[in-house]
Amino acid sequence: MEYNLLNHKAPEYPEETINLVMENRGYDEQDLEDFLNPKNMNELDNELNCLQIREFTSFCRTIGHHNRSGHAVLIIVDADADGFTSGAMMYQLLKDNFKGFSEINYFVHSAKSHGITEEVMEHLEERMMDGRTYDLVIVPDAGSNNIEEFKQLRENHIEVLILDHHETDNTFEDFDLSLVNNQLIDSISNHYVGAGMVYLMAKYMEQHSLQVQKGYSDKLLPLFLIGQIGDASDISQPELRYQINKALNEFKEHNEFIHYYATHEMPRVLSFRDLSFTLIPKINAVSRVGTLEERKALFEALASFDHPEKITVTRTVVDKLTKKRPKKEVEVDYYNETAHMLGRVKNRQDALKKKHHKLLMESIDTSYGIAVATSDEMKIASLTGLVANEISKSIGKPTLVLIDNGESDTVFGSGRGFEDVLPDFKQWVNDSGLANFAEGHANAFGTEIKRENLSKLLEYSNGLERMDGVKDVDIHFTNAYEVQKHLIALHKYTNVFGGELKEPTLLIDVTVPKASIKRRGTVISFWIYGVTYTIFKQNEEVFDKMMNIEGDEIFCQIIGFGSVGEFNGQSRPEVVVSDFNYEEKETLGFGEDTELEDLF
């Protein structure tokens, strides 16, 4: 376990810890203040002043025209957290402010799909055959690569608006449609995702008094935050900090469902991390394995549809006397059932992920620089990214999980990178020239490859090796007794970190009583000096080796990341271990020992 200590200063007081970490990142105390209390960039230099975004003009004119004409509009909801939130934001924006539309409707994909798919085209065709043609289709968070579909829609006199953030080479200059994509516009930060683009559109309408009152965009802030965090945007960027912080501070306001969920299912004091580990994974689970009814229920909750206050549902109820668990009909809050539904779908997804991870691991060839797993089960098409991620972490290699349905000469699926081997797996796949495409994020993307090229891609990967580099460490605690108070001090600044501003990495020397070491499945943990240390994905052999070391104590050197949870109003510091050594007392040479009883 090699490491590089970025700063040999040791914080004497807990309050100094954050300054030392920011110094390691190249920031000073004023920078820290700017992260904690970011100024509105609109007021500083108009960088985010929507009045300057001329590309919004034709977009808004088109909406105004169809609204005045009493036309019908359809919003396409992309199948991920950003897609659901940006679609819900667009729906609310039109429903609340544009009363002239004869119909404002939405379309959710029945599977994890993006943009204007064959399923969308079939729906539009059915509407035309029924004489109920949509006049306008709006595609937030997608659409920049749907050229052929746009041609067909224009031939049927359906106008299209795209509000996207994905990379594209298409400008659609030869088409009669409005495309607003921040990857093509210098005046808009490319760190805004789909939800961010809808938020900026609402701000533009406010500033131009286009039927949207000043301050309305605040109503969209909770959805904006979910979309930005959910699509892994770099929230450390100055142009995002003001909106992101404002959204977090007002997260429980403006949206009834989010207020309910945050109040009942999330910590009292929210952080960006809380969203990443609670609501967002559940929204993504619905987009992957949810039924059409569950997808619609989620969208309508996010978009603040009218609903009954109470509904009757069937729940398993524990009889306190008999301990039996009969199913009964009970009356619950509408949003209570939506929250329960999210939990059920997440559990369903996790069971499927575990099953197919195990199946694919049995047949995967790990002798190449990357791993490729194929399956003929179409029902896991929406899980390829999740399963690829699990395999990648298990074997320490970039991984493709692909669906081969035998109906064409191509396979399709997802790639997940492993940065110790490749910093940008997507670029590597594209550079190979063997894929039809690889689109998405650097290490999380969708791809399509000709079946005959799979073996060539594996051969192409020969020579790639894992580079277990030296790990950068922010702070070295030689006395584990100090860790608790410093973690609590750092926790006050949790929301400083995110995006490219990585959370602190800690190096800790700790003497561990063997009696405190526990194993549950593949998780090893121990509690000492008020801090829980958690080590994931460890087999029984590692645990046995630790317990077979002579003596009642083990000397460990740990690299990990700290966090602080709350339970019944009490702080619970934790270190999630990313790497560790464990040795006998004599071999580590930590210096003079401190008796355990002196520290409790």
Side-chain angles (χ1 to χ4, degrees), residues 1 111-112 288-289 349-469 521-523 535-542 545 578-579:
M1 185 178 76
K112 186 168 174 57
R288 293 187 186 104
V289 302
Q349 170 198 269
D350 291 348
L352 287 168
K353 176 184 69 174
K354 183 177 180 180
K355 171 187 173 182
H356 290 287
H357 172 237
K358 182 179 179 181
L359 287 173
L360 292 177
M361 282 295 292
E362 291 173 356
S363 60
I364 201 166
D365 186 346
T366 60
S367 64
Y368 295 94
I370 69 168
V372 176
T374 58
S375 173
D376 60 2
E377 292 196 47
M378 281 298 296
K379 64 183 180 182
I380 74 157
S382 61
L383 293 171
T384 54
L386 275 181
V387 178
N389 191 53
E390 289 299 303
I391 294 175
S392 177
K393 289 190 293 185
S394 297
I395 65 176
K397 292 185 178 184
T399 300
L400 297 174
V401 172
L402 306 168
I403 302 297
D404 186 350
N405 58 19
E407 296 178 1
S408 69
D409 63 349
T410 61
V411 294
F412 64 92
S414 301
R416 291 296 183 268
F418 196 83
E419 291 189 5
D420 285 345
V421 176
L422 281 170
D424 190 331
F425 188 26
K426 180 192 71 172
Q427 189 63 48
W428 181 89
V429 172
N430 281 323
D431 288 346
S432 74
L434 297 169
N436 293 348
F437 66 81
E439 297 175 350
H441 301 286
N443 286 300
F445 56 90
T447 188
E448 180 184 89
I449 304 171
K450 286 188 176 181
R451 188 184 296 105
E452 64 185 26
N453 285 343
L454 288 180
S455 59
K456 298 176 185 177
L457 191 67
L458 286 170
E459 292 293 337
Y460 180 73
S461 75
N462 276 334
L464 291 177
E465 295 181 357
R466 178 167 178 166
M467 299 171 290
D468 287 320
T522 60
V523 179
I535 314 169
F536 292 100
K537 295 188 178 298
Q538 301 298 319
N539 56 35
E540 187 174 356
E541 182 181 357
V542 173
K545 284 183 178 179
S578 60
D579 202 357

What verdict does the side chain to side chain contact (heavy atoms under 4.5 Å, CB included) test give for S394 and H357, after you've listed the backbone C-alpha separation in whole Å, the side-chain angles of each residue and the deciding distance to 0.1 Å?
CA-CA 10 Å; S394 297; H357 172 237; 3.2 Å; yes
Is there a side-chain contact between [X] and [Y], using heavy atoms and a 4.5 Å cut-off?
| X | Y | answer |
| --- | --- | --- |
| R451 | D404 | yes |
| I370 | L458 | yes |
| L400 | V411 | no |
| V289 | S382 | yes |
| D409 | E452 | no |
| N436 | T410 | yes |
| L457 | W428 | yes |
| S414 | R416 | yes |

Any donor and acceptor pair, going by atom type alone, linking the side chain of [X] with main-chain N or O of [Y] inside 3.5 Å?
| X | Y | value |
| --- | --- | --- |
| K112 | L383 | no |
| S375 | I403 | no |
| D365 | Y368 | no |

Any chance CD of E540 has more than 12 other-residue heavy atoms, nucleotides or ligands included, within less than 6.0 Å?
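No.
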Heavy atoms only: give me the nearest [X]-[Y] pair and the separation to one decimal.
| X | Y | value |
| --- | --- | --- |
| F418 | N443 | N-OD1, 4.3 Å |
| P398 | G369 | CD-O, 3.9 Å |
| I391 | L360 | CD1-CB, 4.1 Å |
| A438 | V429 | CB-CG1, 4.0 Å |
| A371 | I395 | CB-CD1, 3.4 Å |
| G440 | K426 | O-NZ, 3.0 Å |

Please walk me through it: do Q427 and N430 pass side chain to side chain donor-acceptor pair (under 3.5 Å)?
CA-CA 5 Å; Q427 189 63 48; N430 281 323; 5.3 Å; no
Can you check side chain to side chain contact (heavy atoms under 4.5 Å, CB included) on Q538 and V523, steps first, answer last?
CA-CA 6 Å; Q538 301 298 319; V523 179; over 6 Å; no
Would you give the length of the straight line joining atom [atom1] of [X] to atom [atom2] of [Y], rounded to the nearest 0.5 angstrom?
| X | Y | atom1 | atom2 | result |
| --- | --- | --- | --- | --- |
| H356 | L386 | NE2 | CG | 11.5 Å |
| L434 | Y460 | CG | OH | 7.5 Å |
| L402 | E448 | CG | CD | 10.5 Å |
| T374 | I449 | OG1 | CD1 | 11.0 Å |
| E459 | N462 | CD | CG | 5.5 Å |
| N389 | K393 | CG | NZ | 5.0 Å |

Does this structure show an ion pair linking E541 with K545, if we count only N-O contacts that are shorter than 4.0 Å?
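Result for this pair is yes, salt bridge flagged.
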Salt-bridge test for K537 and E390: reply yes if a basic N is under 4.0 Å from a carboxylate O, no otherwise.
yes
Give the intermediate values and the outcome of side chain to side chain contact (heavy atoms under 4.5 Å, CB included) for residues S392 and K397.
CA-CA 5 Å; S392 177; K397 292 185 178 184; 5.9 Å; no
Would you please classify the geometry between the F425 ring and the F445 ring as parallel, tilted or perpendicular, with 30° and 60° separating the classes?
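Rings of F445 and F425: perpendicular, as their planes differ by over 60°.
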Could you walk me through whether D350 and L352 pass the side chain to side chain contact (heavy atoms under 4.5 Å, CB included) check?
CA-CA 5 Å; D350 291 348; L352 287 168; over 6 Å; no
